[in-house]
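The next block holds one structure in the form of structure tokens; read it before the comments.
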Amino acid sequence: QVQLVESGGGLVQAGGSLRLSCAASGGTFNRYVMGWFRQAPGKEREFVGSIGWTSGRTYYADSVKGRVTISRDNARNTMYLQMNSLKPEDTAVYYCAADQHGFHSRNSESYEYWGQGTQVTVSS
């Protein structure tokens, strides 16, 4: 059973940085696409970006492009989300997700596995 565990969330001032981690276990991820999503209170879950586990190809939402970088460490089965120049509107619960079919979808319904989420709060 695939399990995803996020860590690294917290409280940061506007303009600051955070790095989130997503530890994956219970599967062979060679063909997977891993994604980051976020959900702010009262809003729908929003695509942040994705990375091909083998290819390393990345895609980002326009709202975060240029401020975030997704990477992965295949040996550690861990994906990262480096976020810089954080804004109060980045405040949300951040989730990592896995799509075993390997599509770089922006639709959360395409991802079969989800972590429990980690809270990121950006103060102004």
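When a residue number appears, it is its place in the shown sequence, counting from 1.
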Any side-chain heavy-atom pair from [X] and [Y] closer than 4.5 angstrom?
X: T91; Y: R38; answer: no
X: W36; Y: M79; answer: yes
X: R106; Y: S50; answer: no
X: C96; Y: W114; answer: no
X: Y113; Y: Q3; answer: no
X: Y111; Y: M34; answer: no
X: V68; Y: L81; answer: yes
X: Y32; Y: T54; answer: no

message = Which heavy atom of L11 sits nearest to which heavy atom of S123, and what is that distance?
response =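 Residues L11 and S123, closest heavy atoms: CD1-CB, 4.3 Å.
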task = List the atom of L4, the atom of C22, and the distance in Å for their closest heavy-atom pair.
result =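 Smallest interatomic distance, heavy atoms only, reads CB-SG, 4.0 Å.
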query = If two hydrophobic side chains count as joined below 4.5 Å and joins carry through other members, does V12 share a cluster with L20?
reply =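 Yes: a chain of side-chain contacts under 4.5 Å links V12 to L20.
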task = Might you confirm whether atom CD of E89 has over 12 heavy atoms from other residues, nucleotides or ligands at distances under 6.0 Å?
result = yes
Interatomic spacing from [atom1] in [X] to [atom2] in [Y] - rounded to 0.5 Å:
X: S124; Y: Q13; atom1: OG; atom2: CD; result: 9.5 Å
X: Y94; Y: M83; atom1: OH; atom2: CE; result: 5.0 Å
X: D73; Y: S21; atom1: CG; atom2: OG; result: 10.0 Å
X: Q82; Y: R19; atom1: CD; atom2: CZ; result: 7.0 Å

Kindly say whether [Y] contributes a backbone atom to a donor-acceptor pair with the side chain of [X] at under 3.5 angstrom?
X: Y95; Y: E6; result: no
X: R76; Y: R72; result: no
X: T118; Y: G9; result: yes

message = F37 vs F47, test: ring-ring contact (aromatic ring centres under 6.0 Å, His included). Steps then yes/no.
response = CA-CA 5 Å; F37 287 79; F47 173 79; 5.6 Å; yes
key: Parallel, tilted or perpendicular: rings of F29 and W53 (30°, 60°)   =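 Geometry flag for F29 against W53: tilted rings.
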key: Working for side chain to side chain contact (heavy atoms under 4.5 Å, CB included), residues L86 and L18   = CA-CA 8 Å; L86 283 162; L18 274 178; 4.2 Å; yes
task = Check step by step if side chain to side chain contact (heavy atoms under 4.5 Å, CB included) holds for Y80 and I70.
result = CA-CA 6 Å; Y80 302 99; I70 297 175; over 6 Å; no
query = Quick one: do K87 and D90 make a salt bridge, cutoff under 4.0 Å?
reply = no
message = I'd like to know if the side chain of S17 pairs up with that of N84 as donor and acceptor (distance under 3.5 Å, no hydrogens or angles considered).
response = yes
task = Decide side chain to side chain contact (heavy atoms under 4.5 Å, CB included) for D99 and E112; before the verdict, give the C-alpha distance in whole Å, the side-chain angles of both, and the deciding distance to 0.1 Å.
result = CA-CA 6 Å; D99 174 15; E112 296 85 7; 3.4 Å; yes
